[in-house]
Protein chains: 4
Amino acid sequence: METQGKRAQRVPRAVREQQMLDAAVSVFARRGFRATSMDEIAEAAGVSKPLVYLYLKSKDELFTACVRREAKALSAAVRASVEAGAAPDRQLWSGLLGFFRYTAEHPDGWNLLYGQARSGGAPSADEVAAMRVEIVEFVTALIGTAAREAPCVPVLADREVRALALALVGAAESLAGSSANGRETAATLMNFAWAGLGNLLAGRPWSP
Amino acid sequence: METQGKRAQRVPRAVREQQMLDAAVSVFARRGFRATSMDEIAEAAGVSKPLVYLYLKSKDELFTACVRREAKALSAAVRASVEAGAAPDRQLWSGLLGFFRYTAEHPDGWNLLYGQARSGGAPSADEVAAMRVEIVEFVTALIGTAAREAPCVPVLADREVRALALALVGAAESLAGSSANGRETAATLMNFAWAGLGNLLAGRPWSP
Amino acid sequence: METQGKRAQRVPRAVREQQMLDAAVSVFARRGFRATSMDEIAEAAGVSKPLVYLYLKSKDELFTACVRREAKALSAAVRASVEAGAAPDRQLWSGLLGFFRYTAEHPDGWNLLYGQARSGGAPSADEVAAMRVEIVEFVTALIGTAAREAPCVPVLADREVRALALALVGAAESLAGSSANGRETAATLMNFAWAGLGNLLAGRPWSP
Amino acid sequence: METQGKRAQRVPRAVREQQMLDAAVSVFARRGFRATSMDEIAEAAGVSKPLVYLYLKSKDELFTACVRREAKALSAAVRASVEAGAAPDRQLWSGLLGFFRYTAEHPDGWNLLYGQARSGGAPSADEVAAMRVEIVEFVTALIGTAAREAPCVPVLADREVRALALALVGAAESLAGSSANGRETAATLMNFAWAGLGNLLAGRPWSP
DNA sequence: CATGAATGAGTATTCATTCAT
DNA sequence: CATGAATGAATACTCATTCAT
């Protein structure tokens, strides 16, 4: 005899909310905001639709909540993996390592952030943009520090530093999810990026 | 008899289609697939809704047609700007130049491709993915050529070459639209990327 | 052990029910049946929602109970103020006095009966209609008595008597709530109505 | 063979809108705002639901449109029947005649205005209140004129005049719909009201 | 009995899409 | 082919209501 009827188990609100977010992240990531219906999410969470609305207000807010949670988690994971106070290249290296590991382990979350939440139509495109800006600024600071420590560079305009950071972040985003081996991916990117940066800082720019 | 009606004089089908696509690209790029209604597009194109359906079948097909056209145009622009037969770095340089110039001059098209068409939910995500693969493969070939020409490299695994290409493409995408000065942006990216690559090929990898 | 919980000490059922009805009357009167939610009422009553259901079964029954209570109270107040056995005009006068005083002192109840419960959609529209019929009949009787006592009237058809009563009741309803001074309002209405009636009974009808 | 398929006949928008309003007035009047669903209305109008929304925007706006139309029609009917420039009692008499006739001939419209649109919850309760105020003011003016023309009255305070008008309007509303014979009903009310008023103006108030 | 977790059953609303003229 | 009248089919959202603790 089934001990469990049709009704969902009684569970405290905080827990249910996380379950719902889990389900929603997964469905949104796979099918996109538009194609996802609230019924699907409710079913995936093993819960009735009104409960989803009771806790998360609306489809937009639910999506935003997913994005916020995943963004926070990713951000925290990266931050935690950065060796604060180390040399800039070490900081970048450790940060990338954390980034590639986390995204590899949480493909749904990453796909939500990178593949869904950024597109124009989605709610909370701002949310994501803001997180990205934060990251770009962190990298900008790293490169800036390295630039100041380097001896004999002509000058590296702020605009250029920021562009380098933007490029680096874009490269990392592009690589995320392409390999299960975070260490290798991070190494590749460091080779690509930091070594090139080294040349630049040493006064050996590439020229056409 | 009026020679000129209120709107939409007699015009050959091919032209009309392009007008519609122009309008659609612009609206889709600004408001996203989801938020855009067929009425809006018909109005923006100065054409009646049934005509849009007659020529372009459905919203999805219309969107796909937009994406395909823009992807083809971008692809052609880049291809045209590449100095075929030149050294790999020259080819990359010229290609990037073409890319940044074209995207700067066609912000709607670029936003459509990069900001809207890639999201999971959108139809023709494949279309875009395919174009991207094509580009990545082109860059992969460039890097591969350079690697083979370089003298004393340990070995550069195919997987690693592809990852480098992926990183480079991601970096370029990330930079596109960030500046009106295509030449400067391209130079920054070359400094960043190719110089790093040079170190790598010369057997001076970055190491943690 | 706490003698006093956060809310809702032990209280006999009858009392609790009245508290709930008080709250419900107030909320229904202000926001209408449709706009009022059971949560609002439970909160206003300082009671948990299940208790509301335990005692009052459903939203419709709750509304009906409110209406019934208020109707009964109004009816009783009016009846109590009527000088039974006096001359018809004295009876009417005293009844109106009671009516205007009671409605002025219980605006929520009056608004519930007059402004909410009568609309077609509301449950217990019958309840209210019944009370109204009762009152109309009472007034009909008064006028009938006066008519029989009056000397030289041609004939006053039953239908006409009833119409007069209906008019009088409508006039009273229309005036209720328009002034805080019950006595003045009642006087105005008597002047308006009974005096006209007097003419009629004396064989001096208005004629076009 | 049916010449008429399932689709509704092609009909110009203005006509369809009136058909919809006809249907909506009828359904709203019978079942009330809350109990009425848009499906019902669409079906009653012999039309699909999206068309209702296309033309009338929302349930609230549809209801409001109904009320506005009925209010305007009633108002116009009454205004048209008033003998402008005649003596106050003639004006009132003719107005009442028009009122009772119109409401008797349009029971749905009247029930909508009187029975549904006035209750607190309904949208456009203001709409109706405004119309009522307009009418009350018209009657107030009539009585005021009569009062000024009457010779030897103590004084009739403005407040009192307005109260009399309010009573008269309430009485009329209460009688509307109670009889098919508008002329008789109007006569009854004139007897009741104007004759009483006559006494009052002649300095013979009723006194307790 | 208080609490708050949970839901069945409906509702308004909005698309993309198609005919008839 | 332009026009605008018309709709099928979904989807977000809400409410009164109940049950386990």
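Side-chain atoms are counted along with the backbone in the values below, which use heavy atoms only and exclude waters and symmetry mates. Protein chains get the first letters and strands the later ones, always in sequence-line order, with residue 1 at the start of each.
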Rounded to whole Å, how long is the line connecting atom [atom1] of [X] with atom [atom2] of [N]?
X     : N      : atom1 : atom2 : answer
D/D39 : F/dT11 : CG    : P     : 17 Å
B/F33 : E/dC15 : CZ    : P     : 13 Å
C/M20 : E/dC1  : CE    : C1'   : 10 Å
B/R13 : F/dC1  : CZ    : P     : 9 Å
B/M38 : E/dT17 : CE    : P     : 6 Å

Six-ring centre of D/Y114, C/R118 cation under 6.0 angstrom, axis tolerance 45°
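Checked: cation-pi criterion met.
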Suppose we call a contact any N or O donor and acceptor under 3.5 Å apart; does that hold for the side chain of B/K49 and the base of E/dT17?
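Yes, a donor-acceptor pair under 3.5 Å.
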Using Watson-Crick pairs (N1 to N3, plus N6-O4 or O6-N4) and G-U wobble pairs, both distances under 3.5 Å, which stems of at least 3 pairs involve DNA chain E?
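Stem list for DNA chain E: E:2-21 with F:2-21.
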Rounded to the nearest 0.5 Å, how far does CE of D/M131 lie from CD of D/E70?
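That separation rounds to 10.0 Å.
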Say you draw a straight line from CG of C/L62 to CD1 of C/I41; how long is it, rounded to the nearest 0.5 Å?
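C/L62 atom CG to C/I41 atom CD1 measures 4.5 Å (nearest 0.5 Å).
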Can you label the angle between the C/F33 ring and the C/F63 ring as parallel, tilted or perpendicular, going by 30° and 60°?
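Correct class here is perpendicular.
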With side chains defined as the heavy atoms from C-beta onward, is the minimum distance between C/K59 and C/F28 less than 4.5 Å?
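Answer yes - side chains close enough.
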Any heavy-atom pair between the side chains of A/Q116 and A/V67 that's under 4.5 Å?
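No, side chains not in contact.
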Base, sugar-phosphate, or nothing for D/L51, non-hydrogen atoms under 4.0 angstrom?
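The residue D/L51 makes base contact.
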Any carboxylate oxygen within less than 4.0 angstrom of a Lys/Arg side-chain nitrogen, looking at D/R69 and D/D22?
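A salt bridge is present here (some side-chain N lies under 4.0 Å from a carboxylate O).
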Between C/E40 and C/R31, does the salt bridge (Lys or Arg N to Asp or Glu O under 4.0 Å) criterion hold? Intermediate values first, please.
CA-CA 11 Å; C/E40 267 177 287; C/R31 307 182 28 86; 2.7 Å; yes
Under 4.0 Å, heavy atom to any atom of DNA chain F: which of residues 52-65 of chain D qualify?
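By residue number: D/Y55.
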Which is more 5' along DNA chain F, the nucleotide nearest D/V11 or the one nearest A/P50? Just name the residue.
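Comparing both residues, the 5'-ward one is D/V11.
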Tell me whether the side-chain N/O atoms of A/R16 come closer than 4.0 Å to OP1 or OP2 in E/dA5.
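False: A/R16 side-chain N/O out of range (4.0 Å or more) of E/dA5 OP1/OP2.
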Do C/S26 and C/R30 get their side chains close enough for a donor-acceptor pair, meaning under 3.5 Å?
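There is such a pair between these side chains.
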Would you kindly compare B/R34 and A/V47 by the position of their nearest DNA chain E nucleotide and give the one closer to the 5′ end?
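Final value for this comparison: A/V47.
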